Amino acid sequence: MSDAGKKRKISGIDLGTTYSAIAHFDEYGKVDIIPNSDNERITPSVILFEDDEVIVGKIAKNQAVSNPENVVQFVKRHMGEPDWVRVINGREYTPEILSAIILKRIVSDAEDQIGEGISDVVITCPAYFNDNERKATMDAGKIAGLSVIGIINEPTAAAIAYGMNNLDRDVKALVYDLGGGTFDVTILHIDGNNVKVLATDGERRLGGKDWDDMLLNHVAEKFIEEHKIDPREDAEAYQDLVIKVEEAKKTLSKKPLAKIFAQCAGKSLKMQVTREEFEELTRPLLEQTETYLDVVLKKADLTWDSIDVVIPVGGMTRIPAVVQMLERVTKKKLEKGVNADECVAIGAAYWAAILKVREANSLAEKVQQGVATAAEKVQQAEAAAAVEEAVPEEIVGMLGGVVVQNVNSHSLGIVTIDKTGAKKNLIMIEEQTPLPA
Ligand code: AMP
């Protein structure tokens with residue numbers, strides 16, 4: 001699907017550390033996820049380089065440990081690092097190029113599914129991404145041949161997805177986002193189609209993988225006790241366990257008990273893990289996330305009484321212990337109306353439509369006033385056509401009025417040198433300042 005003339009569809013892409021997803025306005029005018037060619041709604045952000053072929057998704061994920069020289073994962077953790085490259089078959093790949101490979105697969109699958117070309121996209125990134133990391137995300141999209149019309153923070157996208165379903169509400173919402181590789185907490189004020197970030201914080205290297213590792217180490221120790229062999233030292237056995245512990249973790253979100261069958265060097269171990277055992281093993285990780293709740297509440301200068309909604313985002317928020325902790329600390333039932341795995345991509349698709357509507361409106365104004373250049377007239381016609389094709393007529397007006405305001409997640413300053421020659425960072429715009437500042 002690469003008919004340039006047809007490349008008009010507007011989409012939102014959640015480019016995740018472990019999984020990615022894409023959403024658009026479907027033929028019924030509803031924003032929905034576009035499944036990949038395996039008919040799955042999320043795709044592992046993992047790449048396998050095999051001979052001349054590059055494979056993205058489940059097959060790559062299943063070889064991540066047993067074939068590490070040819071598999072790349074967790075690329076997002078390196079976005080914006082100027083010196084980071086992965087060398088595969090003698091070729092150097094930057095984080096932008098690797099992310100572009102993931103984006104290309106997601107988009108080409110989506111194009112096949114909907115039978116239309118996709119060009120204009122919004123890609124999401126964590127709230128704490130700095131300028132370099134955002135630019136790298138943008139560049140990845142460009143390398144993938146996409147027109148990246150915006151980058152939006154993941155919690156803001158989740159809030160937009162919530163806000164669009166609750167246009168009559170004026171709430172202070174806390175978004176707790178625990179994904180496969182990253183974690184953040186954000187407090188936002190959502191007033192219908194006005195979304196304002198009040199405070200945000202998190203950890204870029206904390207996520208589902210750490211929970212998996214805790215369980216994996218537990219199983220490995222039992223295996224050593226039984227057979228005096230460490231399955232973590234055998235690539236194939238290790239890979240097998242990585243997949244099995246993640247499955248067991250997911251099972252434990254639904255059932256009180258999960259079975260794990262570990263194999264290594266002709267030996268095997270059948271074991272059971274209870275939900276209580278899993279919770280005990282991973283308690284320090286959960287507590288680590290808990291500390292951020294109060295930190296962000298303080299940064300927003302609020303109390304728990306003033307938080308109206310708690311929105312869980314990320315696959316890990318399906319874990320009952322996560323839900324219980326959040327309900328205990330915030331004294332609220334969690335919001336059930338948003339899908340934890342999908343709301344970021346869905347919010348991004350809304351944001352893409354919002355940006356396109358704004359672009360079309362502002363160009364139309366210029367045309368009406370007779371001040372548009374010839375190029376702007378062409379752009380106006382294109383933007384209007386893109387909106388007409390992608391966005392249901394009845395919500396175009398409403399989208400035009402959506403306002404989103406972010407805060408800067410890092411302090412910004414300049415390095416100064418005092419009389420003694422010592423370097424000092426002089427902060428000019430404090431962390432959590434509403435933008436633009
Ligand atoms: P995300 O990056 O938001 O898609 O989150 C992916 C993480 O959520 C991975 O670590 C998954 O193993 C984890 N996850 C997905 N579904 C579940 C579930 N039902 N129970 C526990 N963890 C899950």
Side-chain angles (χ1 to χ4, degrees), residues 12-23 33 35-36 40-46 56-58 60-62 64-65 73-77 79 99 102 106 123-127 129 153-155 157-158 161 175-186 202-216 239 241-258 260 273-275 277-279 281-283 285-286 288-289 311-326 334 336 338-348:
I13 301 177
D14 170 7
L15 179 62
T17 312
T18 51
Y19 290 90
S20 296
I22 181 166
I33 295 288
N36 64 22
E40 287 159 345
R41 296 169 74 82
I42 53 175
T43 303
S45 310
V46 188
V56 173
K58 201 157 90 182
K61 180 172 156 82
N62 289 344
V65 180
Q73 55 178 347
F74 308 122
V75 178
K76 189 169 167 180
R77 288 185 167 172
M79 286 304 248
S99 300
I102 297 169
I106 289 164
I123 305 175
T124 63
C125 76
F129 257 25
N153 292 349
E154 286 150 12
V175 174
Y176 173 99
D177 181 355
L178 185 58
T182 58
F183 164 69
D184 45 73
V185 176
T186 305
E203 279 201 33
R204 56 183 61 220
R205 280 171 188 262
L206 181 65
K209 186 187 178 298
D210 301 292
W211 269 252
D212 298 351
D213 285 347
M214 290 279 192
L215 185 53
L216 193 145
Q239 171 72 66
L241 262 190
V242 166
I243 295 165
K244 283 177 175 161
V245 294
E246 190 186 0
E247 278 311 312
K249 173 186 74 175
K250 290 183 184 172
T251 302
L252 290 171
S253 294
K254 283 186 270 172
K255 297 181 177 173
L257 193 88
I260 299 176
V273 183
T274 65
R275 190 182 283 168
E277 280 175 294
F278 177 63
E279 286 173 2
L281 282 169
T282 55
R283 192 181 306 280
L285 298 170
L286 187 62
Q288 206 174 328
T289 73
I311 305 174
V313 175
M316 288 290 292
T317 58
R318 300 197 195 286
I319 292 180
V322 173
V323 176
Q324 283 153 17
M325 181 278 286
L326 278 173
L334 304 193
K336 297 246 163 52
V338 292
N339 181 315
D341 302 303
E342 301 179 358
C343 61
V344 170
I346 287 178

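Keep in mind the model is a prediction, meaning the values are calculated, not measured. For this chain, numbers begin at 1 and follow the sequence in order. Counting convention: from 1, in listed order, for ligands and their atoms alike.
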task = Please work out whether any backbone atom (N, CA, C, O) or any side-chain heavy atom from C-beta onward of Met316 is under 4.0 Å from ligand 1, and answer side chain, backbone, both or neither.
result =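 Both parts.
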query = Taking heavy atoms and a distance under 4.0 Å, where does Glu246 meet ligand 1: side chain, backbone, both or neither?
reply =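 The part of Glu246 near ligand 1 is the side chain, not the backbone.
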query = Hey, does Gly180 come in under 3.5 Å of ligand 1, counting only N/O atoms on both sides?
reply =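 Yes, since at least one N or O of Gly180 sits under 3.5 Å from an N or O of ligand 1.
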request  = Report yes if Ser253 has an N/O atom closer than 3.5 Å to an N/O atom of ligand 1; otherwise report no.
outcome  =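 It does: an N or O of Ser253 is found under 3.5 Å from an N or O of ligand 1.
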Within ligand 1, which atoms have a heavy atom of [X] less than 4.0 Å away?
| X | answer |
| --- | --- |
| Gly208 | 10 (O) |
| Thr18 | 2 (O), 6 (C) |
| Gly314 | 3 (O) |

key: Side chain proximity check, Ile33 to Ile22, heavy atoms < 4.5 angstrom   =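 A side-chain contact is absent here, since even the closest heavy-atom pair is not under 4.5 Å.
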Validation row: Arg204, Pro126 side chains within 4.5 angstrom (heavy atoms) =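 The answer is no, as the side chains (C-beta and beyond) never meet within the 4.5 Å cut-off.
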Will you find, in the side chains of [X] and [Y], an N or O donor that is under 3.5 Å from an N or O acceptor?
| X | Y | result |
| --- | --- | --- |
| Ser45 | Thr18 | no |
| Tyr176 | Thr289 | yes |
| Asp14 | Ser20 | no |

Tell me the protein heavy atom at minimum distance from [atom], and give that distance in Å.
| atom | answer |
| --- | --- |
| atom 17 (C) of ligand 1 | Gly315 O, 3.4 Å |
| atom 19 (N) of ligand 1 | Arg318 CD, 3.5 Å |
| atom 10 (O) of ligand 1 | Lys249 NZ, 3.0 Å |

ask   = Of the options Lys249, Met214, Arg283, which is the one that meets Phe278 in a side-chain contact (heavy atoms from CB on, under 4.5 Å)?
value =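 With Phe278 as partner, Lys249, Met214, Arg283 yield a single side-chain contact (heavy atoms from CB on, under 4.5 Å), made by Lys249.
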ask   = Does a side-chain N-to-carboxylate-O contact under 4.0 Å join Lys61 and Glu40?
value =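 The answer is no: the pair does not qualify as a salt bridge.
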